[in-house]
Each structure stands twice: as structure tokens, then as C-alpha cells.
Peer 1: 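Submitted below is the structure of interest, expressed as C-alpha cells.
Since this is a predicted model, take the numbers as computed values, not measurements.
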Amino acid sequence: MSVRVLARNALSSLSAHVIANAVGFAVNVLLVRHLGVERLGRYTYVTTYAALFGIVSSLGLYLVLARDVAGRPAEADIQLGAVLRLQAFLSPLALALTAGTALLFHSTPDATLIALAGVGVVLSSVGTVYGAVVTGQERIHLNAMVSAGMAVLWGLFVLGLVASRLGVTALIGLFVVHKLANALVLRRVCRRACGVTPRHDLPGLRVRAMLEAAMPFALALVLNDLYWNVGTILLGRLEGIDAVGTFSAAFRVVSVPVALVGTVSGVLYPRFSHLYAADPKAFAALVGSTRKYSLAIGIPLGLTLSFLSHPLVGFLFGREFSAAGGTLQLLGWFVTLVCLYSPLSYAMIAMQAERTWVVLLAAATAVLLGGSLLLVPVLGHLGLAASFLASGVLLVVAVPLAIRAKGTRVSPTGADLKTVGACGAMGALLWALQSAPALALVTAIVAYVVILHLAGFLTAAERRSLRAALLMPRER
């Protein structure tokens with residue numbers, strides 16, 4: 001893959017996520033204000049419960065498909081047909097599990113909404129399969145365009161919902177329609193732009209081989225879904241829908257930086273993979289610089305979110321959600337932890353330590369589950385936020401240790417001390433000027449940047465590399 005294609009894919013993916021998150025955040029603010037605590041909690045609980053069973057309809061097959069399309073492009077039509085046929089068998093099973101368990105533990109109206117949301121989750125899996133073909137052909141910019149367009153479409157749906165003064169049932173119906181539209185658009189892109197139409201070759205359908213290849217991905221995806229969703233389900237079961245609504249409002253704020261960190265981390269993965277195989281010293285240097293910049297971004301971000309938590313919640317969502325301020329104060333520091341462990345987790349996977357990452361994710365999920373069971377009955381939504389923090393601390397400690405165990409040292413440096421000192425000054429200014437939040441924030445950020453610059457945070461080589469990257473001529 002050429003430098004230009006790499007740059008195009010990285011920039012298009014990042015820009016699409018920025019657009020989608022910006023639109024999504026504005027829509028979330030409108031939606032939260034429209035629904036209120038109780039209805040927001042109900043919508044979040046229903047869609048989160050349905051999402052728990054989404055992995056059954058895909059089993060990570062789309063990841064295998066993207067890899068196979070990239071490796072054997074001439075067989076893309078057969079591979080796509082095989083995955084779609086397998087999904088045709090798996091999707092009814094996913095819907096049956098979603099609806100069946102919902103009926104066991106919920107009232108009939110709630111179980112009906114969960115089953116309807118399950119249809120949307122299955123449709124989302126179908127769209128992901130078509131998107132995998134686009135990714136396998138290294139046309140990530142097309143996926144990025146679809147992602148941004150779907151974010152705008154969802155915004156239009158929500159505007160119509162608010163204007164019509166409709167509630168949760170209509171919103172879940174729109175959720176299903178949106179996922180259907182996404183699948184149809186990606187299907188058209190796959191056929192028209194990529195030239196791939198599914199071919200169903202029954203004699204050549206390698207079901208067992210595909211499922212075996214997908215199992216490691218499926219396990220990681222199951223754990224990932226559990227990690228991000230099971231706490232919300234527990235909160236709803238233990239404390240009720242209102243607690244879910246309050247937590248959801250706070251989490252929608254931090255989900256934007258968390259998603260952006262994940263996008264940037266994913267962009268780094270190909271570079272990590274290449275350097276680990278080709279130049280171990282450069283790989284170690286990239287790991288060190290990644291940790292350095294993650295710390296320099298993550299701590300100020302956590303400080304800012306924690307400082308602004310209560311006024312930000314009041315400004316965005318109104319007084320009804322004032323209780324979410326304390327939750328956001330804790331979750332702001334969770335963003336810091338994500339900044340520290342997420343990029344390094346991709347470095348760990350590039351070192352072929354996927355099994356170790358699965359073990360660490362399982363341990364983090366166990367901490368989240370155990371913490372929720374202990375703290376939610378006592379602290380409510382604050383207990384779930386504290387559990388996320390505890391799981392993040394585990395990953396921040398364990399991921400660098402796993403990288404070190406594979407032969408690459410991740411140790412504190414002088415740059416870390418400069419960052420911590422600048423953050424200390426930033427925190428002191430925020431505390432001293434807290435009576436004037438806007439002035440405090442601007443002053444603290446300026447002071448942080450100036451202190452880092454005066455302390456020589458960027459080395460001369462890093463400044464030259466940054467200038468070279470910004471002035472890099474386009475490849476013909």
C-alpha cells in the first residue's frame with residue numbers, strides 16, 4: 001500500500017469520525033433533552049440489551065472477510081456470498097435469543113421493544129459485512145463517506161421525532177430503519193464502486209473453516225460487547241431505568257473522545273504491525289512516542305472534563321440531568337485512562353499478543369462486573385462510573401507490562417515528568433479560578449501549552465518530523 005493510500009485512508013477515517021461524532025453529539029444533546037431521564041433510560045436499556053446478542057448474528061465473520069478479500073480479491077464474490085449465507089442462518093438465532101431472554105426477564109411491552117431493536121442490530125451486522133468488502137479493497141474513504149452520511153441521516157430522523165413529539169417506540173422504529181438504510185447503501189457501494197456481487201457457491205461453502213477462523217475474533221468481540229454494555233444492563237436491573245438515563249447522559253459526553261481515541265489508535269495499527277516485523281527499534285520508539293503523546297493529551301482532557309462536569313451537564317441537558325454531573329466527573333478520568341491504554345493495546349496486538357489482549361479484556365470485564373455488583377446498590381450510577389474507572393486502571397497497568405513481556409520496554413521518561421508538572425499547574429489554575437469557569441479553562445490550557453513548550457516537550461527531531469509530515473508532497 002502506498003504512502004498516499006495510507007494517508008488517504010487514515011485522514012478519511014479520522015475526518016469521517018470527527019464529522020459523525022460532531023453530528024452525533026449535537027443529535028444526542030437534542031435527543032436527551034427531548035426524552036428526559038426516564039425515556040432516555042428506557043431507550044438506552046433496550047438498545048443496549050439488544051446489542052449484547054448482536055455478536056451471534058456475525059461471530060466476527062466480517063473481520064475474516066476483510067482479510068480474505070485483501071488477500072484473495074478475485075474470490076471476493078464467493079467469500080461475500082458465503083458470509084451472507086452464514087449470516088442468514090445465524091441471524092434468526094440471534095433474534096430468538098434476544099426475544100426469548102427479553103421475555104424471560106422483562107414485561108411484554110419492554111420485550112417487544114427489545115426484539116424490535118434486535119432487528120436493527122442484525123441489520124447493522126449485514127451492513128458491516130458489505131463494509132468489510134470495501135475495507136478489504138482498501139477503499140476506506142468510501143466507508144468513511146457512508147459513515148458521515150448515515151450520521152446526518154440519523155440527525156434528520158431525530159429532528160423529525162422531536163418535531164412530531166414522538167417517544168421511545170418511534171425512536172426504536174427509526175433505529176431499525178436507519179440500520180436498514182445503512183445496509184442498503186453499503187450494499188450498493190459494494191456492488192457499484194467495488195464491483196463485488198455476492199455469489200452463493202454451495203459446494204464451495206467452507207462453513208467450518210470460516211467459523212474456525214472467526215472464533216478468535218468472535219471471542220474478542222463478545223468480551224468487548226460485554227465490557228461496554230453489561231454494566232448498563234446491571235444498572236437497569238439493580239437501580240431502575242432512571243439511573244440508566246442519568247448514567248447515559250454522562251456517558252454520551254465521554255463517548256465522543258473515547259471514539260476519537262479508538263479511531264486514532266486503529267490508524268496506528270498498520271504502522272505498528274509493519275515496524276514490529278521490519279524494524280524493532282523503530283517500533284519501540286513509536287511505542288514510546290505514542291505513550292508520551294497519549295499522556296500529554298489524556299491528563300488535560302480528564303482535568304477539563306472533570307472541571308466542567310456539572311456546568312457542562314446543566315448547559316447541554318438541563319437541570320433534570322443535574323445528577324449526571326458527578327458521574328461525568330468520574331468518567332472524565334476514565335477518558336484519560338482510555339487515552340493511555342487504547343493506542344498501546346494496538347501495539348500489543350501488532351506484537352501478535354492477541355490472546356493476551358483477550359485475557360486482559362476478560363479481566364477488565366470481570367472488574368467492571370464485580371465493581372458494579374458491589375457499588376451500584378450503594379452508589380447507583382456513580383458506582384458504575386467508579387467500576388469503569390477501576391477497569392481502566394487495570395488496563396493502564398497491564399497493557400504496558402504485556403508489551404514489556406514481549407521484549408519492548410515501556411518506562412517513565414523525562415517527558416512524562418514535564419507533562420505531569422504542566423498538568424499540575426493546569427489543575428492549580430482551574431482550582432484557583434473556579435469562580436470564573438471560562439477564564440479558568442482558557443488560562444489553564446494556555447499555561448499548559450506554554451509550560452510544555454518551555455520545558456522542551458517536543459525534541460528537535462520531533463519538530464522536524466512534524467514539519468516534514470505537514471509539508472509532505474503528494475505522491476504522483
Side-chain angles (χ1 to χ4, degrees), residues 9 13 16 20 50-98 117-151 153-154 175-202 204-222 224-225 266:
N9 286 340
S13 178
L52 279 177
F53 298 93
I55 183 61
V56 177
S57 66
S58 70
L59 291 181
L61 288 167
Y62 66 91
L63 295 170
V64 178
L65 177 61
R67 183 190 65 190
D68 289 348
V69 168
R72 302 193 303 275
E75 302 175 13
D77 53 351
I78 296 176
Q79 294 160 355
L80 175 59
V83 172
L84 289 174
R85 186 169 288 275
L86 281 171
Q87 274 202 327
F89 291 107
L90 294 170
S91 295
L93 176 61
L95 288 173
L97 285 172
T98 304
V119 174
V121 172
V122 167
L123 290 171
S124 179
S125 297
V126 175
T128 303
V129 168
Y130 284 109
V133 175
V134 182
T135 300
Q137 290 194 355
E138 298 177 4
R139 301 189 179 191
I140 296 174
H141 62 289
L142 296 177
N143 274 337
M145 291 170 61
V146 173
S147 176
M150 287 298 109
L153 179 63
W154 180 246
F175 170 78
V176 175
V177 173
H178 182 260
K179 298 305 179 186
L180 175 61
N182 181 65
L184 291 174
V185 170
L186 285 170
R187 176 175 176 266
R188 186 176 182 85
V189 169
C190 184
R191 293 188 175 204
R192 294 293 182 88
C194 300
V196 178
T197 301
R199 182 149 65 94
H200 302 286
D201 182 13
L202 289 178
L205 185 61
R206 299 176 295 111
V207 176
R208 182 174 179 178
M210 293 191 73
L211 289 177
E212 287 178 351
M215 280 304 105
F217 298 113
L219 179 58
L221 290 171
V222 166
N224 186 70
D225 285 352

Peer 1: Within this structure, what is the CZ-CG distance for the pair Arg199 and Asp77, rounded to the nearest 0.5 Å?
Peer 2: 4.5 Å

Peer 1: Distance check, rounded to the nearest 0.5 Å: Ser125 atom OG versus Leu84 atom CG?
Peer 2: 11.5 Å

Peer 1: Checking Thr98 now: which residues fulfil side chain to side chain donor-acceptor pair (under 3.5 Å) with it, not counting sequence neighbours?
Peer 2: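 Counting only residues at least two positions away or on another chain, Thr98 forms no side chain to side chain donor-acceptor pair (under 3.5 Å).
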
Peer 1: Working to the nearest 0.5 angstrom, can you tell me the gap between Arg192 CZ and Thr197 OG1?
Peer 2: 9.5 Å

Peer 1: Are more than 12 heavy atoms from other residues, nucleotides or ligands located less than 6.0 Å from atom CZ of Arg191?
Peer 2: yes

Peer 1: Over all heavy atoms of both residues, which pair between Asn182 and Gly127 is shortest? Give the atoms and the distance, please.
Peer 2: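 Smallest heavy-atom distance, with atoms named: ND2-CA, 4.4 Å.
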
Peer 1: Minimum heavy-atom separation for Val126 to Ala183, with atom names?
Peer 2: CG1-CB, 4.4 Å

Peer 1: Applying salt bridge (charged side-chain N to carboxylate O under 4.0 Å, His left out), can you list everything that pairs with Asp225, at least two apart in sequence or on another chain?
Peer 2: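 With sequence neighbours excluded, Asp225 shows a salt bridge (charged side-chain N to carboxylate O under 4.0 Å, His left out) to no residue whatsoever.
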
Peer 1: Please report the shortest heavy-atom distance between Lys179 and Ser124, naming the atom on each side.
Peer 2: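 Between these two residues, the closest heavy atoms are CD-CB, 3.9 Å.
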
Peer 1: Is there side-chain contact between Phe175 and Trp154, with heavy atoms separated by less than 4.5 Å?
Peer 2: yes

Peer 1: Any non-hydrogen side-chain atom of Leu61 less than 4.5 Å from a side-chain atom of Val129?
Peer 2: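 SC-SC contact between Leu61 and Val129 ruled out.
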
Peer 1: Within this structure, what is the CD-CG distance for the pair Gln87 and Leu59, rounded to the nearest 0.5 Å?
Peer 2: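 One finds 9.0 Å between CD of Gln87 and CG of Leu59.
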
Peer 1: Treating Ser91 as the side-chain partner and Ala88 as the backbone partner, does any N or O pair qualify as donor plus acceptor under 3.5 Å?
Peer 2: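 Here the side-chain-to-backbone pair does not exist.
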
Peer 1: Report yes if some heavy atom in the side chain of Val196 is under 4.5 Å from a heavy atom in the side chain of Tyr130; otherwise report no.
Peer 2: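 A side-chain contact is absent here, since even the closest heavy-atom pair is not under 4.5 Å.
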
Peer 1: Considering residues at least two apart in sequence or located in another chain, which fulfil the side chain to side chain donor-acceptor pair (under 3.5 Å) criterion with Thr128?
Peer 2: none

Peer 1: If you compare all heavy atoms of Ala132 against all heavy atoms of Leu65, which two are closest, and at what distance to 0.1 Å?
Peer 2: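 Answer, listing the atom of Ala132 first, then Leu65: CB-CD2, 4.1 Å.
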
Peer 1: For the CG atom of Leu186 and the SG atom of Cys194, what is their distance to the nearest 0.5 Å?
Peer 2: 9.5 Å

Peer 1: To the nearest 0.5 Å, tell me how far Met145 CE sits from Met150 CE.
Peer 2: 11.5 Å

Peer 1: Should Leu180 and Leu184 be marked as a side-chain contact (heavy atoms from CB on, under 4.5 Å) after you check the CA-CA gap, both sets of side-chain angles, and the distance that decides it?
Peer 2: CA-CA 6 Å; Leu180 175 61; Leu184 291 174; 4.1 Å; yes

Peer 1: For Val121 and Gly54, which heavy atoms make the closest approach, and how far apart are they?
Peer 2: CG1-CA, 3.3 Å

Peer 1: Please report the closest heavy-atom contact between Val133 and Val69, naming both atoms and the distance.
Peer 2: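 Closest heavy-atom pair between Val133 and Val69: O-CG1, 4.0 Å.
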
